[in-house]
Amino acid sequence: MDATRSETAPSPTADREIIIERIINAPRERVWHAFTDPKAVEQWWGPDGFTLTTKAFDFSVGGDWIFTMHGPDGRDYLNHIRFTEIVKPSLMAHDHGGDLAGDERKVMFKATITLDDLGAKTRVTMRSVFPTAEARALVVKEYGAIEGGKQHLARLDQFVSDFVLSLPTEDSLEITRTFNAPPALVYRAWTEPEMMRQWFGGPPPFITPVCEVDVRSGGAWRMVMRDPEGVDYPLKGAFEEVVPGERLVMNGTLAEHPASFHGIVRNQFPAGHPEPSPEFSWTVTFADVPGGTRLTMRMRLPDRIHRDAHIKLGTELGWGASMQRLAELLTTIS
């Protein structure tokens with residue numbers, strides 16, 4: 001009676017598969033990005049102590065990801081993945097091979113990674129199926145595949161959950177992220193126009209073609225974000241307080257954003273509420289912590305309704321993308 005077999009029946013590949021699962025403290029969109037952006041992947045992929053160098057990354061069905069994992073003992077492990085199925089943002093599957101030999105490669109196992117949406121969290125399940133039970137036993141014994149897989153997902157959790165959005169008061173939201181760079185360098189990235197242009201802005205593929213800052217108390221700042229259709233979203237303001245390397249306090253306005261944006265904001269407000277205000281302020285602090293900098297950015301808005309409207313419009317996604325670009329930029333400068 002195979003057609004009515006219980007869903008709890010053992011898998012026919014149970015003796016040759018490894019399943020590792022973890023609840024990740026981040027929404028599914030951010031976890032998906034961590035798996036599919038090669039620059040993000042290089043910052044967390046692999047067990048503890050491993051680093052990664054990517055030679056090629058083509059995230060498409062039939063596309064190849066060729067990379068070398070560098071072990072803490074100095075040994076290199078060449079890997080070749082070919083993607084076989086992609087269902088954004090919930091599933092990706094691939095054949096995982098070892099060393100390359102011309103156009104041929106031996107498939108060592110087949111992997112399926114599923115991302116289940118749990119709201120603010122994501123359940124990640126990695127299922128690897130090996131050709132034989134003996135092959136599974138070998139990687140468990142010789143390479144510590146199960147413990148390595150657990151460390152792998154723990155590093156992912158740390159990477160994506162390092163970005164935290166909280167609501168400390170009725171009229172503010174706060175974003176924190178730890179960067180593997182000293183406070184002086186992170187501060188530079190927030191105050192030097194050439195650096196700010198490379199990371200500041202909305203979710204990709206937004207860009208920031210204009211960045212002008214006069215970093216002193218009373219100095220003006222102005223930035224322009226541009227969407228893929230070429231529509232500009234200007235914002236400007238002034239620095240109220242500048243403590244080099246430690247703290248920035250800035251006021252700002254979105255008054256020059258296009259009318260369509262203000263219409264969308266207005267639609268988030270209850271009937272009878274006064275016209276939305278475009279004013280806001282940022283307080284950014286750069287704390288020296290073990291291994292890097294803990295950046296905290298508090299955005300203050302006129303009231304809770306304004307704050308909640310901005311969150312609904314994608315504040316978390318936009319700032320999450322910007323902070324990720326900043327993290328990637330910091331790995332390239334000194």
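Just the heavy atoms: all of them, side chains too, but no hydrogens, waters or symmetry mates, feed the values below. Nothing fancy with the numbering, it's 1 onward along the sequence.
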Novice: Salt-bridge test for Arg300 and Asp171: reply yes if a basic N is under 4.0 Å from a carboxylate O, no otherwise.
Specialist: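 The answer is yes: the pair qualifies as a salt bridge.
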
Novice: Under 4.5 Å between any side-chain heavy atoms of Asp157 and Asn25, yes or no?
Specialist: yes

Novice: Parallel, tilted or perpendicular: which fits the ring planes of Tyr233 and His257, with parallel below 30° and perpendicular above 60°?
Specialist: perpendicular

Novice: Starting at OG1 of Thr84, measure out to CZ of Arg82 and round the result to the nearest 0.5 Å.
Specialist: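 So the gap between those two atoms works out to 10.5 Å.
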
Novice: Which heavy atom of Pro270 sits nearest a heavy atom of Ile305, and at what distance?
Specialist: CD-CG2, 3.8 Å

Novice: Show the nearest heavy-atom pair for residues Thr132 and Ala135, with the distance to one decimal.
Specialist: OG1-N, 3.0 Å

Novice: Is there a chain of hydrophobic side chains (I, L, V, M, F, W, Y, each step under 4.5 Å between heavy atoms) that links Leu91 to Ile20?
Specialist: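 As far as the 4.5 Å side-chain criterion goes, Ile20 and Leu91 are not connected within one cluster.
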
Novice: From Arg325 CZ over to Asp37 CG, what is the distance, rounded to the nearest 0.5 angstrom?
Specialist: 10.5 Å

Novice: side-chain contact (heavy atoms from CB on, under 4.5 Å), that's the test. Do Phe286 and Glu246 meet it? Break it down for me.
Specialist: CA-CA 5 Å; Phe286 308 84; Glu246 297 181 13; 5.7 Å; no

Novice: Does a side chain donor of either Thr13 or Arg127 reach within less than 3.5 Å of an acceptor in the other side chain?
Specialist: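 Yes.
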
Novice: Do Glu170 and Asp303 come within less than 4.5 Å of each other through their side chains, counting heavy atoms only?
Specialist: no

Novice: Give me the atom names and distance for the closest heavy-atom approach of Arg28 to Ser90.
Specialist: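 Heavy atoms of Arg28 and Ser90 come nearest at NH1-CB, 3.5 Å.
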
Novice: Is a side-chain N or O of Asp116 found less than 3.5 angstrom from the main chain of Thr114, in a donor-acceptor match?
Specialist: no

Novice: What's the shortest heavy-atom distance between Ile175 and Met323, and which atoms?
Specialist: CG2-CE, 4.1 Å

Novice: Say whether His306 and Ser277, considering side chains only, have a donor N or O and an acceptor N or O under 3.5 Å apart.
Specialist: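 Ser277 and His306 do not have a side-chain donor-acceptor pair below 3.5 Å.
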
Novice: What is the ring orientation for Phe269 with His273, classed by angle as parallel under 30°, tilted 30 to 60°, or perpendicular over 60°?
Specialist: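 Rings of Phe269 and His273: perpendicular, as their planes differ by over 60°.
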
Novice: Would you say that Thr296 contacts Glu174 through its side chain, given a criterion of any heavy-atom pair below 4.5 Å between the two side chains?
Specialist: yes

Novice: Between the side chain of Ser217 and the main-chain N/O of Glu240, is any donor-acceptor distance below 3.5 Å?
Specialist: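 Between the backbone of Glu240 and the side chain of Ser217 there is a qualifying donor-acceptor contact (under 3.5 Å).
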
Novice: For Arg304 and Leu167, what are the C-alpha separation, side-chain angles and deciding distance, and is it a side-chain contact (heavy atoms from CB on, under 4.5 Å)?
Specialist: CA-CA 10 Å; Arg304 179 183 60 80; Leu167 308 176; over 6 Å; no

Novice: Under 3.5 Å, is there a donor-acceptor pair linking the side chains of Gln324 and Glu328?
Specialist: yes

Novice: Near Asn180 CG, under 6.0 Å, is it more than 12 heavy atoms from other residues, nucleotides or ligands?
Specialist: no

Novice: What distance separates Lys110 NZ from Glu85 CD, expressed to the nearest 0.5 Å?
Specialist: 11.5 Å

Novice: Counting only N and O atoms by type, is there a donor-acceptor contact under 3.5 Å from the side chain of Arg226 to the main-chain atoms of Ile207?
Specialist: no

Novice: Nearest 0.5 Å, what's the CG-CH2 distance between Leu248 and Trp190?
Specialist: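 Separation between the atoms: 7.5 Å.
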
Novice: With distance as the sole criterion, is a donor-acceptor pair present between the side chains of Thr178 and Arg294 under 3.5 Å?
Specialist: yes

Novice: Under a 3.5 Å distance rule, please check whether Asp232 uses its side chain to pair with a backbone N or O of Pro234 as donor and acceptor.
Specialist: no

Novice: In this structure, would Leu138 and Met108 fall into the same cluster of hydrophobic residues linked by side-chain contacts under 4.5 Å?
Specialist: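 No, no single cluster joins them.
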
Novice: Taking the six-membered ring of Phe159 as reference, does the NZ or CZ atom of Arg177 fall below 6.0 Å from its centre and within a 45° cone about the axis?
Specialist: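 Ring-cation test returns yes.
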
Novice: Give the intermediate values and the outcome of side-chain contact (heavy atoms from CB on, under 4.5 Å) for residues His80 and Asp64.
Specialist: CA-CA 7 Å; His80 190 156; Asp64 292 329; 3.2 Å; yes

Novice: Judged by atom type as modelled, is there a donor-acceptor pair below 3.5 Å linking the side chain of Thr122 to the main-chain atoms of Leu115?
Specialist: no

Novice: Quick one, Asp48 and Arg155 - any side-chain contact, counting heavy atoms below 4.5 Å?
Specialist: yes

Novice: Are Phe179 and Val164 connected in the hydrophobic side-chain network, where two residues link if heavy atoms are under 4.5 Å apart?
Specialist: no

Novice: Measure the spacing between CD1 of Ile86 and CH2 of Trp32 and express it to the nearest 0.5 Å.
Specialist: 6.5 Å

Novice: Does a side-chain heavy-atom distance below 4.5 Å link Trp45 with Met69?
Specialist: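 A side-chain contact exists here, since the closest heavy-atom pair is under 4.5 Å.
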
Novice: Is there side-chain contact between Met196 and Thr208, with heavy atoms separated by less than 4.5 Å?
Specialist: no

Novice: Find out if a path of hydrophobic residues (ILVMFWY) with successive side-chain heavy-atom gaps under 4.5 Å connects Ile19 to Val140.
Specialist: no

Novice: What is the ring orientation for Trp44 with His152, classed by angle as parallel under 30°, tilted 30 to 60°, or perpendicular over 60°?
Specialist: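 Tilted: the ring planes of Trp44 and His152 meet at 30° to 60°.
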
Novice: Search all heavy atoms of His262 against all heavy atoms of Pro278 and return the closest pair with its distance.
Specialist: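 Scanning both residues, the minimum pair turns out to be CE1-CB, 4.3 Å.
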
Novice: Donor-acceptor pair, distance only, cut-off 3.5 Å: does the side chain of Glu42 make one with the backbone of Pro38?
Specialist: no

Novice: Are Thr283 and Arg247 close enough, and set up right, to give a side-chain contact (heavy atoms from CB on, under 4.5 Å), and what steps lead you there?
Specialist: CA-CA 7 Å; Thr283 298; Arg247 176 181 170 92; 3.7 Å; yes

Novice: Measure the acute angle between the ring planes of Trp319 and Trp199, then classify it against the limits of 30° and 60° as parallel, tilted or perpendicular.
Specialist: tilted

Novice: Going by heavy atoms in the side chains, are Thr169 and Arg298 under 4.5 Å from each other?
Specialist: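 Yes; the side chains approach each other to less than 4.5 Å.
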
Novice: Quick one, Phe109 and Glu17 - any side-chain contact, counting heavy atoms below 4.5 Å?
Specialist: no

Novice: Where is the tightest heavy-atom contact between Thr54 and Trp65, given as atom of each residue plus distance?
Specialist: OG1-NE1, 3.4 Å

Novice: Look at the side-chain heavy atoms of Ile, Leu, Val, Met, Phe, Trp and Tyr, link any pair under 4.5 Å apart, and say whether Met92 and Val129 land in one connected group.
Specialist: no

Novice: Nearest 0.5 Å, what's the NZ-CZ distance between Lys88 and Phe59?
Specialist: 9.0 Å

Novice: Is there a donor-acceptor contact under 3.5 Å from the side chain of Trp221 to the main chain of Asn251?
Specialist: yes

